[in-house]
Amino acid sequence: DTGVSQDPRHKITKRGQNVTFRCDPISEHNRLYWYRQTLGQGPEFLTYFQNEAQLEKSRLLSDRFSAERPKGSFSTLEIQRTEQGDSAMYLCASSPGLATGELFFGEGSRLTVL
Amino acid sequence: KNQVEQSPQSLIILEGKNCTLQCNYTVSPFSNLRWYKQDTGRGPVSLTIMTFSENTKSNGRYTATLDADTKQSSLHITASQLSDSASYICVVSAKEYGNKLVFGAGTILRVKS
């Protein structure tokens with residue numbers, strides 16, 4: 001499968017724990033995006049990378065959130081000291097280059113914070 | 001206020017029937033307008049992308065229209081199938097904000113047999 005893959009698909013954690021999600025984009029896609037989606041809403045932008053550079057972060061991305069794309073390939077999104085409000089689907093998407101180009105989404109990582 | 005409003009919020013139709021979903025946006029200027037289909041618990045999948053100069057685009061049984069003057073788009077689904085049950089999300093690429101994507105909340109479609 002050469003699509004965007006995300007891991008894990010589901011994560012249940014207790015409040016206060018740290019969690020990390022991984023995204024493997026389509027190879028040779030230099031743009032990578034993270035979105036958060038809650039029930040009944042569209043995805044909300046969190047951050048995006050062009051190659052290894054993190055070019056933009058949303059105000060939604062508090063200090064507890066950090067994202068990396070160390071070699072310009074896969075990316076990780078870490079949430080420290082999780083809160084119940086962090087429960088959501090975290091979606092990763094990649095794009096071949098143009099800002100106006102097609103976005104290819106992964107299946108998402110669903111986080112439940114108890 | 002959300003810059004991309006979709007209606008209806010949800011819709012139930014019988015298999016084989018047609019339906020039309022609406023998207024009104026205030027984002028201007030924009031680079032393109034997209035429709036995505038999102039199955040429950042899955043990531044969104046692109047159906048169509050239209051630039052401001054296009055007013056219709058089809059993908060199989062899905063036809064999207066765009067009226068840039070009234071800032072409205074619609075997604076028409078013909079001869080619906082059970083597998084069309086999903087959320088349909090309208091997305092506008094905002095030229096002013098570096099082509100950032102502005103997502104609507106989606107219309108939840110349920111096709112019944």
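Just so you know, these numbers come straight off a predicted model, no measurement behind them.
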Visitor: What residue pairs, at least two apart or across chains, pass side chain to side chain donor-acceptor pair (under 3.5 Å) with a residue in residues 103-114 of chain A?
Guide: A:E107-B:R42
Visitor: Dump the intermediate steps for side chain to side chain contact (heavy atoms under 4.5 Å, CB included) on B:I89 and A:Q41, then the final yes or no.
Guide: CA-CA 9 Å; B:I89 304 174; A:Q41 299 298 317; over 6 Å; no
Visitor: Determine whether more than 12 heavy atoms belonging to other residues, nucleotides or ligands lie under 6.0 Å from atom CD1 of A:I12.
Guide: no
Visitor: Do A:F45 and B:F103 make the cut of ring centroids closer than 6.0 angstrom?
Guide: no
Visitor: Return yes when atom CG of B:L82 has more than 12 non-hydrogen atoms of other residues, nucleotides or ligands closer than 6.0 Å, and no otherwise.
Guide: yes
Visitor: Where on A:Y35 is there a heavy atom nearer than 4.5 Å to chain B: the side chain, the backbone, both, or neither?
Guide: side chain
Visitor: Measuring from B:S46:OG to A:F104:CZ, what's the distance to the nearest 0.5 Å?
Guide: 7.5 Å
Visitor: For B:R61, look at atom CZ and say whether over 12 heavy atoms of other residues, nucleotides or ligands are found less than 6.0 Å away.
Guide: yes
Visitor: Just so I understand: if I count every heavy-atom pair under 4.5 Å between each of B:G41, B:C90, B:S87 and chain A, which residue has the most?
Guide: B:G41
Visitor: Let me know if A:Q37 has heavy atoms under 4.5 Å from chain B in its side chain, its backbone, both or neither.
Guide: side chain
Visitor: Tell me, do A:P43 and B:V91 make a side-chain contact under 4.5 Å, heavy atoms counted?
Guide: no
Visitor: Can you tell me if CD on A:E68 sees more than 12 non-hydrogen neighbours from other groups inside 6.0 Å?
Guide: no
Visitor: Does B:F52 belong to the same Ile/Leu/Val/Met/Phe/Trp/Tyr cluster as B:W35, with side-chain heavy atoms less than 4.5 Å apart forming each link?
Guide: yes
Visitor: Can you name the nearest heavy-atom pair linking A:L103 to B:R34, along with the distance?
Guide: N-NH1, 3.7 Å
Visitor: Against chain A, label B:Q6 side chain, backbone, both or neither, depending on which of its atoms sit under 4.5 Å from a heavy atom there.
Guide: neither
Visitor: More than 12 non-hydrogen atoms from neighbouring residues, nucleotides or ligands closer than 6.0 Å to NZ on B:K57, yes or no?
Guide: yes
